[in-house]
Amino acid sequence: MSDANSKPLNFLEQIIKQDIDSGTTTKLITRFPPEPNGYLHIGHAKSICLNFGLAEKFGGECNLRFDDTNPAKEELEYVESIKRDVAWLGFRWPGEVRYASDYFDQFYEWALHLIREGNAYVCHLTAEQAKEYRGWATQPGKPSPWRDRPVEENLADFEKMRAGEFDEGACVLRAKIDMASPNMNMRDPILYRIRKVSHHQTGDKWCIYPSYDFAHGQEDAIEGVTHSICTLEFADHRPLYEWLLNNLPVPMVPRQYEFARLELNYTVTSKRKLKQLVDEKRVDGWDDPRMPTISGMRRRGYTPASLRNFCDLIGVTKSGSTIDVGQLEYCVRDDLNNVAPRAMCVINPLKVTIRNMPAGETQTMKQPVHPNREEMGERELPFTREILIEQDDFTEDTSLSRKKFKRLVLGDYVRLRGAYVIKAEESIKNEAGEIVEVIATLVEGTVGENPPEDIKPRGVIHWVSATENVDCEVRLYDRLFNDPAPDAGDKNFLDALNPESLTVVKGCKGEIGLQFAQPEHAYQFEREGYFCIDAQYSNGSTLVFNRTIGLKDSWSDKV
RNA sequence: UGGGGUGUAGCCAAGCGGUAAGGCAGCGGGUUUUGAUCCCGUCAUGCGAAGGUUCGAAUCCUUCCACCCCAGCCA
């Protein structure tokens with residue numbers, strides 16, 4: 001890293017560097033702690049890149065740990081998807097995946113410890129009563145009548161809770177802190193509640209489960225996490241996080257730091273809302289290519305490199321920010337432009353017959369796989385008397401200026417990419433008046449050569465042989481929401497759903513080499529965009545391509 | 001309202017008392033057999049506002065304003 005060109009350290013990197021330089025931290029340990037109650041989305045990608053990235057950068061380690069303290073909302077399917085997504089992004093965790101539930105025995109012991117020390121009690125207030133007792137922002141809460149019971153009674157009741165002798169909601173274990181604290185989290189927060197449901201990891205072993213607050217700091221301490229990084233909304237919990245650590249015989253004391261979560265415009269990043277889209281079948285599952293989930297983006301054709309680069313570019317701060325999706329799209333194009341082999345695919349075909357090309361003859365054109373990367377080799381394109389071009393690439397309107405329409409115009413010339421310059425001689429229409437065929441002539445000697453001085457092609461268009469090609473379906477995606485802030489204020493995000501977020505086009509014709517396309521492998525369809533095989537919809541007989549993202553288009557809105 | 005957090009360009013974001021980095025978007029131009037890529041140039045007398053300290057303030061002090069978060073037996 002050169003001093004002049006290296007990226008400035010973000011605030012967390014600065015803190016960590018200081019801790020390492022001063023010897024406060026000998027080895028950095030972080031963790032990514034998702035709750036397995038949904039699929040990971042782009043916002044999680046930021047946290048993943050941050051936590052794992054920090055560990056990589058400072059020679060430390062980052063654990064993958066499931067915060068599975070609420071079995072009512074969690075599922076094994078989510079656990080599996082999360083592991084897959086983190087690994088796909090290219091991150092590795094040391095040893096086995098961790099679970100908060102791995103430590104339930106220890107948490108129980110620590111709960112007993114708090115009770116014995118007079119720092120926790122079993123409270124039999126109902127939820128409604130507890131809410132009343134908690135007070136309001138400007139008014140302090142009042143102590144629960146159960147607050148000062150003898151230790152022995154608390155011990156006995158807590159044991160009954162564990163043994164299942166109380167119904168759900170009958171009572172909870174609370175920390176005894178300060179009912180007058182201006183921080184609501186310190187007004188005797190709940191440590192354990194009764195949940196008579198089986199857990200995806202521990203089965204029916206427990207019917208009481210620790211709260212987030214009673215689990216998180218202790219998990220960090222058990223794992224030796226030095227820097228526990230979470231999002232801003234947990235800043236209010238930090239005093240409680242520290243109180244528990246200071247009142248429990250934990251092996252070490254981690255520090256919590258908060259950063260701003262990622263928000264993207266035209267996007268919803270809320271597991272609850274994404275789950276609603278899935279449950280109500282507004283989309284085709286958590287991995288629908290329109291979803292901002294990691295699995296959806298993977299299926300759409302986004303690459304790990306593009307996501308990681310994106311997370312790198314947006315930075316890490318404490319100021320709430322909404323990033324323009326254009327920034328994400330830039331990262332995807334940037335990576336794909338570099339790595340994607342080029343191919344031609346005609347999405348809405350229009351037949352062109354080359355009059356001066358003999359029927360039955362096939363010429364083989366050669367094109368580089370990538371215009372800027374010779375090492376990727378060449379591909380072969382069969383050129384025949386009948387070819388297909390994009391319907392939008394032909395017009396009879398001869399009044400269009402060369403600047404406004406750089407494609408094929410009746411009576412004018414255009415370059416067929418990687419092949420001849422042709423001239424449109426006439427067009428043939430059906431009864432409905434639609435153009436169904438163009439008759440053209442090719443200009444001899446223009447393969448790889450410029451045409452004579454007097455012939456000026458208007459532009460370059462893509463094409464494919466009408467007889468030697470591969471049939472495919474193309475799925476064109478647009479943003480899922482039309483509103484830049486679909487869930488702002490009291491808006492119903494479903495109202496902002498874009499009815500045209502998916503356009504399925506069948507009967508597209510791709511160049512012959514596309515028959516060997518592999519799932520998740522990106523191609524650039526020249527002049528169209530980046531595409532990849534959809535692993536779910538494609539099978540032996542049908543090829544289905546997802547459009548990951550279109551090419552940058554700096555002209556369509558100007559003409 | 002009580003507490004917590006944040007305000008630097010259309011969107012992000014450096015800056016840590018010495019005279020506003022960088023990226024995205026935009027705009028102008030060049031190269032180009034992809035209207036792509038690439039290249040060049042341009043884009044804040046200004047840092048939420050007002051005062052103050054200082055030779056000097058986005059950086060320090062004071063007051064004010066705006067926005068976000070918490071007030072679940074969710075995380």
Side-chain angles (χ1 to χ4, degrees), chain A residues 5 7-10 14 33-35 37 67-70 72-74 123 125-127 130-131 134-141 168-174 181-187 189-195 209 211-213 215-216 230-239 258 260 265 271-272 312-331 333-334 337-338 342 344 367 370-372 403-407 414-419 421 446-450 457 459-462 524-529 550-556 558-559:
Chain A
N5 301 322
K7 219 186 156 190
L9 298 181
N10 66 45
Q14 290 179 21
E35 183 190 15
N37 65 346
D67 231 345
D68 54 349
T69 58
N70 186 359
K73 291 187 174 176
E74 299 155 8
C123 177
L125 249 28
T126 65
K131 186 173 180 175
R134 196 159 35 234
W136 193 245
T138 47
Q139 71 192 79
E168 279 192 22
C171 53
V172 293
L173 182 71
R174 292 226 253 167
S181 171
N183 182 341
M184 303 299 287
N185 293 304
M186 300 299 269
R187 319 251 263 223
I190 289 168
L191 269 24
Y192 265 98
R193 71 290 212 210
I194 300 168
R195 282 282 177 284
Y209 292 93
S211 64
Y212 163 84
D213 289 304
H216 212 93
C230 60
T231 43
L232 249 27
E233 64 269 29
F234 292 100
D236 284 339
H237 292 244
R238 189 169 0 102
E258 309 88 21
N265 61 12
K271 272 197 229 173
R272 205 208 93 226
D312 209 44
L313 286 183
I314 58 177
V316 178
T317 67
K318 298 184 73 152
S319 59
S321 54
T322 303
I323 278 86
D324 192 326
V325 277
Q327 183 92 36
L328 212 209
E329 295 175 346
Y330 161 80
C331 290
R333 289 193 185 101
D334 188 46
N337 174 49
N338 234 335
R342 307 295 131 119
M344 290 194 282
Q367 272 289 279
H370 188 114
N372 311 323
K403 190 152 181 102
K404 273 193 175 165
F405 196 80
K406 306 170 96 159
R407 316 180 200 181
V414 81
R415 159 73 68 182
L416 293 177
R417 169 126 250 231
V421 169
T446 54
V447 176
E449 302 291 338
N450 286 127
V460 182
I461 63 173
H462 59 282
Q524 185 200 92
F525 289 175
E526 295 189 270
R527 299 208 315 130
E528 292 290 348
L551 253 27
K552 184 178 174 187
D553 177 356
S554 53
W555 53 275
S556 65
K558 290 185 186 175
V559 295

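Below, read A as the first sequence line, B as the second, and so on, with proteins coming before strands; counting in each chain starts at 1.
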Asks: Determine the contact category for V325(A): base if any of its heavy atoms lies under 4.0 Å from a base atom, sugar-phosphate if only primed atoms, P, OP1 or OP2 are that close, otherwise nothing.
Replies: nothing
Asks: Please work out if K552(A) contacts a base, only the sugar-phosphate, or nothing of the nucleic acid, heavy-atom cut-off 4.0 Å.
Replies: sugar-phosphate
Asks: Can you check whether W555(A) stacks with the G35(B) base, using ring centres under 5.5 Å and planes within 30°?
Replies: yes
Asks: Hey, does the side chain of R333(A) come within less than 4.0 Å of C38(B)'s phosphate (OP1/OP2), counting only N and O?
Replies: no
Asks: Can you say whether a donor on the side chain of E233(A) sits under 3.5 Å from an acceptor on the base of C74(B), or the other way round?
Replies: no
Asks: Is there a side-chain contact between M184(A) and D236(A) (heavy atoms, below 4.5 Å)?
Replies: no
Asks: Tell me the partner of U37(B), counting only Watson-Crick (N1-N3 plus N6-O4 or O6-N4) or G-U wobble (N1-O2 and O6-N3) with both under 3.5 Å; none if nothing fits.
Replies: none
Asks: Quick check: any donor-acceptor pair below 3.5 Å linking the side-chain of R342(A) to the base of U34(B)?
Replies: yes
Asks: Indicate yes or no: at least one non-hydrogen side-chain atom of E258(A) is less than 4.5 angstrom from one of R238(A).
Replies: yes
Asks: Between the base of U34(B) and the side chain of R527(A), is there any donor-acceptor pair under 3.5 Å?
Replies: no
Asks: Can you tell if the side chain of R342(A) reaches within under 4.5 Å of the side chain of Q367(A), non-hydrogen atoms only?
Replies: no
Asks: From the list A71(B), C73(B), U37(B), which nucleotide is the closest neighbour of the side chain of N372(A)?
Replies: U37(B)
Asks: So, OP1 or OP2 of A75(B): does either fall under 4.0 Å of a side-chain N or O from R272(A)?
Replies: no
Asks: Between A57(B) and G48(B), how far apart are the two P atoms, rounded to whole Å?
Replies: 15 Å
Asks: For I190(A), which contact category applies under a 4.0 Å heavy-atom criterion: base, sugar-phosphate, or nothing?
Replies: base
Asks: So, is T317(A) near the phosphate of A13(B), with a side-chain N or O under 4.0 Å from OP1 or OP2?
Replies: yes
Asks: Report which part of the nucleic acid Y330(A) touches: base, sugar-phosphate, or nothing (heavy-atom distance under 4.0 Å, all strands).
Replies: sugar-phosphate
Asks: Return the nucleotide paired to G7(B): Watson-Crick means purine N1 to pyrimidine N3 with N6-O4 or O6-N4, wobble means G-U with N1-O2 and O6-N3, both under 3.5 Å.
Replies: C65(B)
Asks: Taking the side chain of A127(A) as its heavy atoms from C-beta onward, which of C73(B), U34(B), C16(B) lies nearest to it?
Replies: C73(B)
Asks: Do V421(A) and L416(A) touch side chain to side chain, with heavy atoms closer than 4.5 Å?
Replies: no
Asks: Provide the Watson-Crick or G-U wobble partner of C74(B), both distances under 3.5 Å; none if there is no partner.
Replies: none
Asks: Base, sugar-phosphate or nothing for I323(A)? Non-hydrogen atoms, less than 4.0 Å.
Replies: sugar-phosphate
Asks: Across all strands, who's sitting opposite C55(B) as a Watson-Crick or G-U wobble pair, both distances under 3.5 Å?
Replies: G18(B)
Asks: I want to verify a distance call: between A13(B), A75(B), U34(B), whose nearest atom is closest to the S321(A) side chain?
Replies: A13(B)
Asks: Under 3.5 Å, is there any donor-acceptor pair linking the side chain of E528(A) to the base of U34(B)?
Replies: no
Asks: With a non-hydrogen cut-off below 4.0 angstrom, is K73(A) in contact with a base, only sugar-phosphate, or nothing?
Replies: sugar-phosphate
Asks: Please work out if P371(A) contacts a base, only the sugar-phosphate, or nothing of the nucleic acid, heavy-atom cut-off 4.0 Å.
Replies: base
Asks: When you measure from the side chain of K552(A) to the backbone N and O of R333(A), does any donor-acceptor pair fall under 3.5 Å?
Replies: no
Asks: Of all the heavy-atom pairs spanning L313(A) and C331(A), show the shortest one and how long it is.
Replies: CD1-SG, 3.6 Å
Asks: Is atom CD of E449(A) surrounded by more than 12 heavy atoms (other residues, nucleotides or ligands) closer than 6.0 Å?
Replies: no
Asks: Counting the atoms with a prime plus P, OP1 and OP2 as sugar-phosphate, which does E74(A) contact under 4.0 Å by heavy atoms, base, sugar-phosphate, or nothing?
Replies: nothing
Asks: If you only use heavy atoms from C-beta on, which nucleotide in G23(B), A75(B), G35(B) is closest to the side chain of L313(A)?
Replies: G23(B)
Asks: Between A170(A) and N185(A), which is nearer to the 5' end of RNA chain B once each is assigned its nearest nucleotide?
Replies: N185(A)
Asks: G41(B) and G46(B): how far apart are their C1' atoms, nearest whole angstrom?
Replies: 22 Å
Asks: Quick check: closest heavy atoms across T69(A) and R193(A), and the distance to 0.1 Å?
Replies: O-NH1, 3.2 Å
Asks: From C73(B), A75(B), U34(B), pick the nucleotide closest to the side chain of V172(A)?
Replies: C73(B)
Asks: On RNA chain B, compare the nucleotides closest to P8(A) and R417(A); which residue's is nearer the 5' end?
Replies: P8(A)
Asks: Between G28(B) and U45(B), how far is it from one C1' atom to the other, in whole Å?
Replies: 24 Å
Asks: Mind checking R187(A) for me? I need base, sugar-phosphate or nothing, with any heavy atom below 4.0 Å counting as a touch.
Replies: nothing
Asks: Give me the distance, rounded to whole Å, that separates C47(B) from A9(B) when you measure between the C1' atoms they each carry.
Replies: 10 Å
Asks: Within the 4.0 Å heavy-atom criterion, would you say H216(A) contacts the bases, only the backbone, or no part of the nucleic acid?
Replies: nothing
Asks: Checking understanding here: a glycosidic angle within 90° of 0 is syn, the rest anti, so what is G51(B)?
Replies: anti
Asks: Please classify the nucleic acid contact of Y192(A) as base, sugar-phosphate, or nothing, using heavy-atom distances under 4.0 Å.
Replies: nothing
Asks: Tell me, for nucleotides 2-8 of chain B in 5' to 3' order, what letter each nucleotide earns: B for a base near a protein heavy atom under 4.0 Å, S for only sugar-phosphate near one, - for neither?
Replies: BBSSSS-
Asks: With a 4.0 Å cut-off on heavy atoms, is T231(A) in touch with a base, just the backbone sugar-phosphate, or nothing at all?
Replies: nothing
Asks: Is it the case that the side chain of N265(A) and the backbone of V325(A) share a donor-acceptor pair, with hydrogens and angles ignored and the cut-off at 3.5 Å?
Replies: yes
Asks: May I ask you to say what R415(A) touches in the nucleic acid, namely base, sugar-phosphate or nothing, with a heavy-atom cut-off under 4.0 Å?
Replies: base
Asks: Select base, sugar-phosphate, or nothing to describe what L173(A) touches, counting heavy atoms under 4.0 Å on all strands.
Replies: nothing
Asks: For A14(B), take OP1 and OP2 only and decide whether either is under 4.0 Å from a side-chain N or O of Q14(A).
Replies: no
